[in-house]
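Scroll down for the structure; my scribbles are underneath it.
One-based numbering, in listed order, for ligands and for the atoms of each.
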Amino acid sequence: MLILGIETSCDETSAAVVEETGNAARPWTIRSNIIASQVPIHREWGGVVPELASRQHIRDICGVVERALAEAGARVSDLGAVAVTQGPGLVGSLLVGVSFAKAAAAAAGVPLVAVHHLAGHIESLVLHNGELPPPAVVLVVSGGHTSLYLVERPGLYQLLSRTRDDAAGEAYDKVAKLLGLGYPGGPVIDKLAQSGNDRAVQFPTTRLTHPDRNAPGLKGDLDFSFSGLKTAVARYVKTGPGTFSEQQIADICASFQRIVVTTLLDRLFDAARRYQAKSVGIAGGVSANSRLRAELQQRGDRREIPTFLPSLQLSTDNAAMIAAAGLRKLRAGDVAPADLNADAALVL
Ligand code: KG4
Ligand code: ZN
């Protein structure tokens with residue numbers, strides 16, 4: 001069975017064709033995964049401009065889907081289902097994908113599957129590596145989210161914690177903006193940090209110990225917070241000499257990145273210990289970070305627990321992960337109604 005996946009939650013228009021393998025341990029394989037990035041459009045503004053994003057999705061969606069089908073060697077009549085990101089994300093952007101997917105599913109006469117964007121990121125791990133040994137603890141860390149999930153069995157996602165303020169990727173983007181490094185901030189900070197001294201500047205680490213009144217269902221001590229770190233970098237930059245040398249900028253990037261990576265991995269492995277996880281994984285845009293990838297592997301080796309990452313292409317937003325999560329839901333009998341609507345604040 002082939003499924004068409006569509007992802008338009010933020011600033012990437014993506015369509016993919018994913019095939020079921022029939023092998024339970026490695027359930028899916030990618031036939032095509034086309035991504036039209038809007039980064040050059042938003043870079044000029046220092047971040048994603050929602051109105052520009054939805055307009056660009058409209059321009060790109062037909063061509064992206066046509067290319068995904070062509071590269072997969074598939075026609076619309078070969079599809080068994082259409083999966084689409086229902087939320088969370090920018091509502092105008094989501095609506096383009098949801099409307100297109102509803103029309104495509106109706107035209108092909110196949111079921112429509114509504115996918116949560118973070119379920120897509122979690123399933124990117126399975127798409128790339130095969131099923132994770134359960135129970136698995138998965139950190140989803142992107143520009144919009146920093147959340148820990150317990151996956152006791154495939155397709156069952158239990159939220160353990162999330163950030164109380166900024167997402168880690170958002171902190172990267174804001175710190176890069178402060179330093180005049182452009183958008184998006186993650187890749188450039190990652191690169192500059194490699195030539196910096198990560199102990200040059202002492203930035204604070206946040207450790208939450210108390211429950212969050214806004215999330216009474218969560219214990220709270222596995223939560224994240226990155227706004228204090230961002231403010232500390234801002235204060236350091238403002239009270240600094242005015243201009244920084246290349247080396248000083250690299251030192252700030254490395255020092256900032258050390259705190260982010262350490263915090264993410266500390267909470268991930270705290271959760272793994274608490275829930276006696278048999279595997280851990282990291283997905284989402286920030287999982288492309290070189291230091292995070294290397295340290296995940298080192299800590300996993302030390303604790304003798306298998307660690308999983310998506311490929312770099314599957315780390316950032318893409319439709320193949322949405323198609324994979326869609327197949328999971330379709331096989332569980334979870335099909336969307338024909339009047340499906342986008343939901344900017346959809347909860348997983
Ligand atoms: O998953 P994603 O493509 O979109 C969202 O759902 O948010 O993640 C994008 C985020 C951006 O904040 C970007 O700065 C960050 O991922 N990112 C990175 C790296 N590559 C992308 N952060 C740190 N290091 C990287 N190498
Ligand atoms: Zn994402």
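- The closest non-hydrogen atom to atom 3 (O) of ligand 1, taken over D317, V39, D11, V286, comes from D317.
- Considering every non-hydrogen atom in both I322 and I6, the closest pair reads CG2-O, 3.7 Å.
- Residue contact check for ligand 1: C10 places no non-hydrogen atom closer than 4.0 Å to it.
- Protein heavy atom in closest approach to atom 26 (N) of ligand 1: D190 OD2, 2.9 Å.
- Looking at D317 and the Zn ion (ligand 2) together, the shortest N, O or S contact belongs to OD1.
- Using a 4.5 Å heavy-atom threshold, the side chains of K219 and R274 count as touching.
- Using a cutoff of 4.0 Å between basic side-chain nitrogens and carboxylate oxygens, D190 and R293 are not scored as salt-bridged.
- Taking a cutoff of 4.0 Å between a charged side-chain nitrogen and a carboxylate oxygen, D60 and R67 do not qualify as a salt bridge.
- Closest to atom 17 (N) of ligand 1, if we only count protein heavy atoms, is G285 O, 3.6 Å.
- Nearest non-hydrogen protein atom to atom 18 (C) of ligand 1 is G186 CA, 3.4 Å.
- Annotation: side chain of Q257 is in contact with side chain of N289 (closest heavy-atom distance under 4.5 Å).
- Contacts with ligand 1 closer than 4.0 Å are made by heavy atoms of both the backbone and the side chain of T316.
- Heavy-atom separations between H145 and ligand 1 are all 4.0 Å or longer.
- A salt bridge does not link K278 with E131: none of the charged nitrogens is closer than 4.0 Å to a carboxylate oxygen.
- Without hydrogens or angle criteria, E7 side chain to S9 main chain gives a donor-acceptor distance under 3.5 Å.
- Listed by number with element, the atoms of ligand 1 under 4.0 angstrom from any heavy atom of G144 are 7 (O).
- Inclusion of Y172 in the set of residues having an N or O under 3.5 Å from an N or O of ligand 1 is not warranted.
- Those atoms of ligand 1 that come under 4.0 Å of a heavy atom in G169, given as number and element, are 12 (O).
- We find that D266 and R207 are not joined by a salt bridge, their nearest charged nitrogen and carboxylate oxygen being 4.0 Å or further apart.
- Taking the Zn ion (ligand 2) as the corner point, the angle from H121 atom NE2 to H117 atom NE2 is about 90° (rounded to 10 degrees).
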Residue pair T316, E12: steps toward the side-chain hydrogen bond (donor to acceptor under 3.5 Å, both in side chains) verdict: CA-CA 9 Å; T316 43; E12 256 105 34; 5.6 Å; no

Step-by-step side-chain hydrogen bond (donor to acceptor under 3.5 Å, both in side chains) determination, N318 to S14: CA-CA 6 Å; N318 68 88; S14 182; 5.7 Å; no

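- With respect to atom 7 (O) of ligand 1, the closest heavy atom belonging to the protein is G143 N, 2.8 Å.
- Using a 4.0 Å cut-off between charged side-chain N and carboxylate O, R31 and D78 make no salt bridge.
- Of all the heavy atoms of D173, the ones lying under 4.0 Å from any atom of ligand 1 belong exclusively to the side chain.
- Protein heavy atom at the shortest distance from atom 24 (N) of ligand 1 is N289 ND2, 3.0 Å.
- Remark: ligand 1 and S290 share no N or O pair separated by less than 3.5 Å (distance only, no angle test).
- Look at H117 and you'll find a heavy atom under 4.0 Å from some atom of ligand 1.
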